[in-house]
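Reviewing the structure listed below.
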Protein chains: 2
Amino acid sequence: MKELTQSEENYIKAIYYLQKVMDKPVGTNDLANRMDTKASSVTDMVRRLSEKDLIIYEKYKGCELTITGQEAALKTIRKHRLWETFLVEKLNFGWEEVHEIAEQLEHIQSVKLTNKLDEFLDFPKFDPHGDPIPDQNGKLAQREESFKLIDLEVNVPAIIIGVSDSSASFLKYLDKHGIQLGVAVKVIDRFEFDHSTEVLINDKMLSLSAAASSKITVQVK
Amino acid sequence: MKELTQSEENYIKAIYYLQKVMDKPVGTNDLANRMDTKASSVTDMVRRLSEKDLIIYEKYKGCELTITGQEAALKTIRKHRLWETFLVEKLNFGWEEVHEIAEQLEHIQSVKLTNKLDEFLDFPKFDPHGDPIPDQNGKLAQREESFKLIDLEVNVPAIIIGVSDSSASFLKYLDKHGIQLGVAVKVIDRFEFDHSTEVLINDKMLSLSAAASSKITVQVK
DNA sequence: ATATGTATTTAGATTAATCTAATCATTTAT
DNA sequence: ATAAATGATTAGATTAATCTAAATACATAT
Ligand SMILES: [Mn+2]
Ligand SMILES: [Mn+2]
Ligand SMILES: [Mn+2]
Ligand SMILES: [Mn+2]
């Protein structure tokens, strides 16, 4: 299995992600959209990837990862999340700054480096956004059952364990309101008409939009 | 000043290096040789670099860096040497393993990352091979006067402060004989006919070839 | 089933980075 | 000063990754 180019690694990651969320073959436009390129470019690339047996692709039918492709995806994701952890834990970056840099660092090719970094960080199981970090064998830590904050029942104490949107704008918004991983939350009230939620966080009341609360993952204590 | 491609950064570094050691305009073949490519590829690339005002280039006359080009070179060298330091100091890599990985890491584009890394490492002045690390402004620490071990007078105590060859084979050879930066050396005898040198290192006598002793930099205590 | 619209692929170009083989320029040696 | 050797450039191809515009296939609604 030869090394992948940066572009190939990025595509493989995107396919991995889309496969997960839509649970059916990934269409050319979905990919083009996610990768922020044109459909014609995607068609070219999926040809190459399928040539290398990283995906199964049939004209007009979309694509999905082979086992080899999944392994490749997990390797890249492992690197990405380890680097994000490094940037936050060791270099004191904010969690909203690290994704972009990790997009580059994830392409560094050295298994030894990855494993030494892992060790240096004390084998973290989750990255700064609460996403699981694949281990050397590509295995992901299994989480206790978790919900989106928007689905958490009223008056049930819970803890914030992740976010499903790592965009700088969202994360900065959370920072402003003292919302971090590990913090306790309780839903005090919810309004049917717009699904906005009143929550208690850090002893302060806060009203969250449906958009926000649907992107925050919590776990009941 | 737009970002440079990896290839451009590598060429700029090579020109910087060659300019230093040969002290005259860098020829196409010198560069081709150093970059391990073909002269025709170099001609193409120096055209591009000169187009971007990173070098001055005239057909058949070789090239040299402009001020902008020198700044670019120093930025890349800074990243390279900081990463090498990180790999040795924090991740416990051997000094013979880090160059290759740093060749990749040096292309990560984030000034903030570079500066935070610098801080994390406590603003090191020299990398694991004894080469100076440019600071934020591209300034290199000036060394006390130093010599090559091959030029060190007999019976003058000195300290090893650098190597001018960072190839894995040479560094492994040094490791085998306990030769590291910071270690004390004294030349006991030197033989005219092949310039081999008898040295005392770590309380042990050792005979070094001219090839070896000409690549070790020392400083008189 | 036919038409319409959307998804996807093709055709044809472009740009960076590389190569080989051929040509041209400069330097050096006779 | 001329020839030979060395150094450098050009011409022409190739490959990855991208694009625009045109063509085609598939899905859906009437
Ligand atoms: Mn990320
Ligand atoms: Mn990436
Ligand atoms: Mn190096
Ligand atoms: Mn490099």
Side-chain angles (χ1 to χ4, degrees), chain A residues 1-15 18-19 21-65 69 72 76 103-104 106-107 109, chain B residues 1-15 18-19 21-65 69 72 76 103-104 106-107 109:
Chain A
M1 34 194 101
K2 271 203 43 256
E3 278 121 8
L4 305 186
T5 65
Q6 297 200 180
S7 195
E8 286 169 336
E9 284 191 333
N10 287 334
Y11 271 93
I12 290 290
K13 266 202 322 170
I15 296 167
L18 291 171
Q19 211 168 254
V21 302
M22 28 182 264
D23 205 53
K24 58 175 168 163
V26 175
T28 303
N29 273 342
D30 302 320
L31 246 180
N33 190 49
R34 171 107 186 150
M35 295 292 299
D36 203 32
T37 56
K38 297 302 153 82
S40 55
S41 305
V42 171
T43 302
D44 280 352
M45 181 56 95
V46 293
R47 285 248 167 71
R48 273 194 297 279
L49 295 175
S50 129
E51 201 51 52
K52 298 189 180 189
D53 289 314
L54 293 161
I55 63 176
I56 289 162
Y57 162 69
E58 274 181 289
K59 269 180 164 188
Y60 294 106
K61 301 207 154 183
C63 64
E64 51 188 321
L65 295 174
T76 307
E103 266 314 309
Q104 297 178 57
E106 72 188 355
H107 303 296
Q109 311 222 289
Chain B
M1 32 195 102
K2 271 205 42 256
E3 279 121 9
L4 304 186
T5 66
Q6 298 199 181
S7 195
E8 286 169 337
E9 284 191 332
N10 288 335
Y11 272 93
I12 290 290
K13 266 202 320 170
I15 296 167
L18 292 171
Q19 211 168 256
V21 301
M22 31 181 261
D23 205 53
K24 58 173 169 163
V26 175
T28 302
N29 274 340
D30 303 318
L31 246 181
N33 190 48
R34 170 105 186 152
M35 295 293 298
D36 203 33
T37 56
K38 297 302 152 83
S40 54
S41 304
V42 171
T43 303
D44 279 353
M45 181 57 95
V46 293
R47 285 248 167 69
R48 272 194 297 278
L49 294 176
S50 129
E51 201 53 50
K52 297 189 180 187
D53 290 314
L54 293 160
I55 63 177
I56 289 160
Y57 162 70
E58 273 181 289
K59 269 180 163 191
Y60 295 104
K61 302 209 154 184
C63 64
E64 50 188 323
L65 295 174
T76 306
E103 267 314 309
Q104 297 178 57
E106 71 188 356
H107 304 294
Q109 312 223 291

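The structure presented is a predicted model; accordingly, all values stated were derived computationally and were not measured. Values below: every heavy atom of this structure, side chains too, minus hydrogens, waters and symmetry copies. So you know, we letter chains A, B, ... as the sequences are listed, proteins then strands, and number each from 1.
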Atom pairs under 3.5 Å, N or O on each side, protein against nucleotides 17-19 of chain C: can you list them with distances?
residue: C:dA17; atom: OP1; partner: B:T5; partner atom: OG1; Å: 2.6
residue: C:dA17; atom: OP2; partner: B:R48; partner atom: NE; Å: 2.9
residue: C:dA17; atom: OP2; partner: B:R48; partner atom: NH2; Å: 3.3
residue: C:dT18; atom: OP2; partner: B:S7; partner atom: OG; Å: 3.0
residue: C:dT18; atom: O4; partner: B:D44; partner atom: OD2; Å: 3.2
residue: C:dC19; atom: OP2; partner: B:K38; partner atom: N; Å: 3.2
residue: C:dC19; atom: OP2; partner: B:S41; partner atom: OG; Å: 2.6

Filtered N/O pairs between nucleotides 27-29 of chain C and protein, under 3.5 Å:
none

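The side-chain hydrogen bond (donor to acceptor under 3.5 Å, both in side chains) search around B:E106 returns B:K13, B:H80, not counting sequence neighbours. Residues passing the salt bridge (charged side-chain N to carboxylate O under 4.0 Å, His left out) test with A:K52 are A:E8, sequence neighbours excluded. Every residue was checked against the side-chain hydrogen bond (donor to acceptor under 3.5 Å, both in side chains) condition with A:D30, not counting sequence neighbours, and none meets it.
As rounded to whole Å, 17 Å separates atom P of D:dA23 from atom NZ of A:K59. Rounded to an integer number of Å, the gap from CG of B:L49 to P of C:dA16 is 12 Å. C:dA16 atom P lies 17 Å from atom CG of B:N10, rounded to whole Å. Protein atom OH of A:Y60 is 6 Å distant from nucleotide atom P of D:dA25, rounded to whole Å. In this structure, the CD atom of B:E58 is 17 Å from the C1' atom of D:dG7, given to the nearest Å.
Within the 4.0 Å cut-off from OP1 or OP2 of C:dT8, not a single side-chain nitrogen or oxygen of A:Y57 is found.
Atoms NZ and OG1, from A:K59 and A:T28 in turn, are 12.0 Å apart once rounded to the nearest 0.5 Å. To the nearest 0.5 Å, atoms CD1 (B:I12) and CE (B:M45) are separated by 9.0 Å. Separating the CG atom in A:L54 from the CG atom in A:L4 is a distance of 5.5 Å, to the nearest 0.5 Å. Once rounded to the nearest 0.5 Å, the distance linking CD of A:Q104 with NE2 of B:H107 reads 11.5 Å. Taking CG from B:L31 and CG from B:L49, the interatomic distance works out to 9.0 Å, rounded to the nearest 0.5 Å.
Between the B:Q19 side chain and the B:L65 main chain, a donor and an acceptor come within less than 3.5 Å of each other.
For the helix from C:dA1-D:dT30 to C:dT30-D:dA1, the end axes, each set by the C1' atoms of five terminal pairs, are bent relative to each other by 10° (nearest 10°).
For residues 22-33 of chain A, proximity to DNA chain C is found at A:G27, A:T28, A:N29, defined as any non-hydrogen atom under 4.0 angstrom from a strand atom.
Sorted by first then second residue, the salt bridge (charged side-chain N to carboxylate O under 4.0 Å, His left out) pairs that include residues 33-51 of chain A, not counting sequence neighbours, number zero.
Closest to the side chain of A:R47, from the set D:dT9, C:dT9, C:dT10, is C:dT10.
Looking at every heavy atom in both residues, A:C63 comes nearest to A:Y57 through CB-CB, 4.1 Å. Smallest separation of non-hydrogen atoms from A:V42 and A:T37: CG2-OG1, 3.8 Å. Here the shortest heavy-atom pairing between A:N10 and A:E103 reads OD1-OE1, 3.5 Å.
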